[in-house]
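Report on the structure given below.
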Amino acid sequence: MSVHGCAHLASFKSAKGTQSYRVLHAYFIAGITEEARKKKAQTCFCHTCCRHTSRLHACLYCVYFGCYDGKHIREHALSKKHNLAVDISYGTVFCFSCGDYVYDKELEAIAKRHRRKAAKLNGIKEQYYEWEPTNFELDLLRRNPRRKRISDNSYIGLRGLINLGNTCFMNCIVQALMHTPLLRDYFLADRNVCHFQDDPSMCLVCEMSQLFQEFYSGKSTPHIPFRLLHLVWTHARHLAGYEQQDAHEFFIATLDVLHRHCKGTNGLSSSNPHHCNCIVDQIFTGGLQSDVVCQACRGVSTTIDPFWDISLDLGPSLHLQSSTSGPNSTESMGNDIGLNEDMEPTSLLDCLERFTRPEHLGSSAKIKCNGCQSYQESTKQLTMKKLPVVASFHLKRFEHSTRFHKKISTFISFPQYLDMTPFMSSRRGKSSNSSRASDNGYTNSVSIADNKYCLFAVVNHIGTIETGHYTAYIRQHRDQWFKCDDHLITRATVQDVLDSEGYLLFYHKQILEYE
Amino acid sequence: MKTAVNQKLIETGERERLRELLRTRLIECGWKDQMKAYCKDIVKEKGVENVTVDDLVAEITPKGRALVPDAVKRELLQRIRTFLAQQTKI
Ligand SMILES: [Zn+2]
Ligand SMILES: [Zn+2]
Ligand SMILES: [Zn+2]
Ligand SMILES: [Zn+2]
Ligand SMILES: [Zn+2]
Ligand SMILES: [Zn+2]
């Protein structure tokens, strides 16, 4: 094997140049225009045995097509003394004099250009190319010869956090964020750019980056997150002070500050409902569809709102108020009458079922219908228009009303693997109008594993609403679980996690779509 | 029949899209890294001068086929079915 071509290819190139390779590649390998693709479809078979084999080669001298496995290209090469042929599938050149594929920088550059063009034509948005270190990175690697190898039983990434006085609400969220796979990859790959040039110490993104460095440094002593606490106090004033705060509120506030400090390009990402391409929105933002159906004319008005997490009601549904928090959080429009739906949810799926059920808004909450031009009774249904990479669920265990504050400690089971397909707009939206929803759902979805999630972190609240404590379970190496109780980290089983009460549940999408 | 399907796949660009999907999935699930490591071992053992691409292909193909996850095969099959269904409708 040679990466520097061979004498035969070199002499071919000096006699005839790269023109024949360029044309062959453009038409029969990459197919860079629609016309080329058509030609390719019609002519790609062995000229001797007429088979459409997967390892077809084209003679670089005379554009004869011959199969490799049936040896017809070899016969041609030997009888005509045409010793160079191109593999139609990959565009690599085979030299029959050398008896192997030979690699040539100039030809590879041509191939790469054509592949980019063809990808665009075929609607392939961005192809994945393996990381190749730049000269700068090569230099860095040479100057820093120490390497860390991470094995399956490595504890790297696990670090306790000192409680700075009722700051377990912060610690449990930090643990969940530090073990969010995509967020970790982003920060450890140094992808973040600081927008606080004049004062980086005020930047939460930089602090996050620093925290990831601390967590994955290999140190085992607990980290003291005083800088993070200070930043949160500065940027989210409602969380300042030494009393216990709500972990969910802290989570949303953190995402909000991170999003603001990232300064993502608004409007660039068309598939993201928040229209922001910052790392927070790329990972956490989903789109919630709300369909309001007028009971008089059956007209549907649809809106889509971005969300960072989904808050789910517990307890009997006499006074339903499911809502989402996030960018432009919309309070739910009315109270559910829900007289016939008195079942208390006992699982996450129950909660999601209830969340996406059409609710009658009642006569006290009439909405102006565009069709009728008057105020009418209507039903409202929420469904998932776009799923986020990380789905965060907030079980509303704390009830605050003018009369009382209480905690609902009902056991709500939640699965390790979650399929969101039943709650998608494509499935649900139709069910209210027609019964064909079940047939349509599957044929429309392109891939089957699209909506599957896997649990990777759970935040728990122990105790009462007055005196409580937060802990977190986090997943490491795909299937190992650990309990993070401030500075203490202990091993746990997946059963411990699934048996726990659950306050915030974090699921990661199993298959990612590329933008 | 097989020829017609093949031509349709190429003409519409679907073949390239499927190939890209497969490539991506095989990278995601670690298949590519496994195969790369396997090839490295073979090259190290025999010496780079004494191995041809054909030798490598012959040695890794059985293992490579066996290691493709079922979920990936299922997803591709589903995509091809969907494509064929759309084609027959037109
Ligand atoms: Zn043949
Ligand atoms: Zn020839
Ligand atoms: Zn040669
Ligand atoms: Zn910064
Ligand atoms: Zn953003
Ligand atoms: Zn109406």
Side-chain angles (χ1 to χ4, degrees), chain A residues 1-3 28-31 34-45 50-55 68-69 87-90 92 94-95 98-103 115 118-130 442-450 452 478 510-514, chain B residues 1-30 32-33 36 39-40 42-43 46-58 61 69-86 89:
Chain A
M1 266 192 286
S2 162
V3 289
F28 302 107
I29 295 159
E34 238 164 276
E35 189 209 340
R37 247 173 18 194
K38 230 174 219 150
K39 239 194 184 130
K40 182 181 173 181
Q42 284 158 4
T43 52
C44 277
F45 55 87
C50 294
R51 284 183 311 132
H52 289 262
T53 137
S54 55
R55 285 193 72 188
Y68 190 87
D69 42 2
D87 183 318
I88 290 291
S89 306
Y90 301 100
T92 42
F94 193 92
C95 174
C98 295
D100 200 0
Y101 289 93
V102 290
Y103 302 91
R115 274 200 302 269
K120 222 182 237 166
L121 176 73
N122 291 327
I124 299 167
K125 277 185 199 152
E126 176 120 25
Q127 275 173 298
Y128 172 87
Y129 292 106
E130 231 164 307
Y442 273 109
T443 41
N444 286 344
S445 69
V446 191
S447 65
I448 33 174
D450 242 345
K452 298 234 167 72
R478 276 172 186 272
Q510 289 192 288
I511 288 185
L512 306 179
E513 301 299 331
Y514 296 83
Chain B
M1 172 66 189
K2 202 179 152 192
T3 310
V5 169
N6 215 352
Q7 283 188 352
K8 263 275 169 301
L9 283 170
I10 296 172
E11 246 178 60
T12 53
E14 181 69 5
R15 192 169 180 277
E16 289 311 307
R17 284 189 288 274
L18 287 170
R19 202 157 90 155
E20 188 53 30
L21 177 70
L22 178 62
R23 206 173 71 94
T24 311
R25 293 293 183 250
L26 291 178
I27 293 169
E28 282 172 355
C29 69
K32 195 183 172 208
D33 287 336
K36 202 170 169 180
C39 288
K40 265 190 184 164
I42 297 169
V43 171
K46 300 193 174 167
V48 70
E49 296 308 320
N50 309 315
V51 196
T52 66
V53 174
D54 277 344
D55 295 339
L56 279 180
V57 170
T61 299
D70 283 342
V72 174
K73 291 184 198 162
R74 264 201 305 276
E75 187 184 3
L76 244 81
L77 201 65
Q78 180 69 29
R79 276 278 296 249
I80 295 171
R81 278 211 188 102
T82 311
F83 174 78
L84 290 179
Q86 279 167 357
K89 251 184 246 164

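Naming convention: chains lettered A, B, ... in sequence-line order (proteins, then strands); numbering from 1 in each chain.
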Between CG on residue A/N122 and CZ on residue B/R15, distance to nearest 0.5 Å: 11.5 Å
Gap separating the CD atom of B/E14 from the CZ atom of A/R37, nearest 0.5 angstrom: 10.5 Å
A/D100 (side chain) donor-acceptor with B/V53 (main chain) under 3.5 angstrom: yes
Residues forming a ring pair (Phe, Tyr, Trp, His ring centres under 6.0 Å) with A/Y68, sequence neighbours excluded: A/H57, A/F94
Donor-acceptor contact below 3.5 Å, side chain B/R17 vs main chain A/G123: no
Under 4.5 Å from a heavy atom of chain B, the part of A/R55 involved: side chain
Heavy-atom contact with chain B under 4.5 Å, split by part of A/T43: neither
Heavy atoms of other groups near A/K120 NZ, more than 12 under 6.0 Å: no
Nearest heavy atoms of B/N6 and A/H52, plus distance in Å: ND2-CB, 3.8 Å
Worked check of salt bridge (charged side-chain N to carboxylate O under 4.0 Å, His left out) between A/K40 and B/E16: CA-CA 12 Å; A/K40 182 181 173 181; B/E16 289 311 307; 3.8 Å; yes
Pi-cation contact, A/Y90 with B/R19 (under 6.0 Å, within 45°): yes
Set of residues satisfying side chain to side chain contact (heavy atoms under 4.5 Å, CB included) with respect to B/E11, sequence neighbours excluded: A/K38, A/A41, B/K8
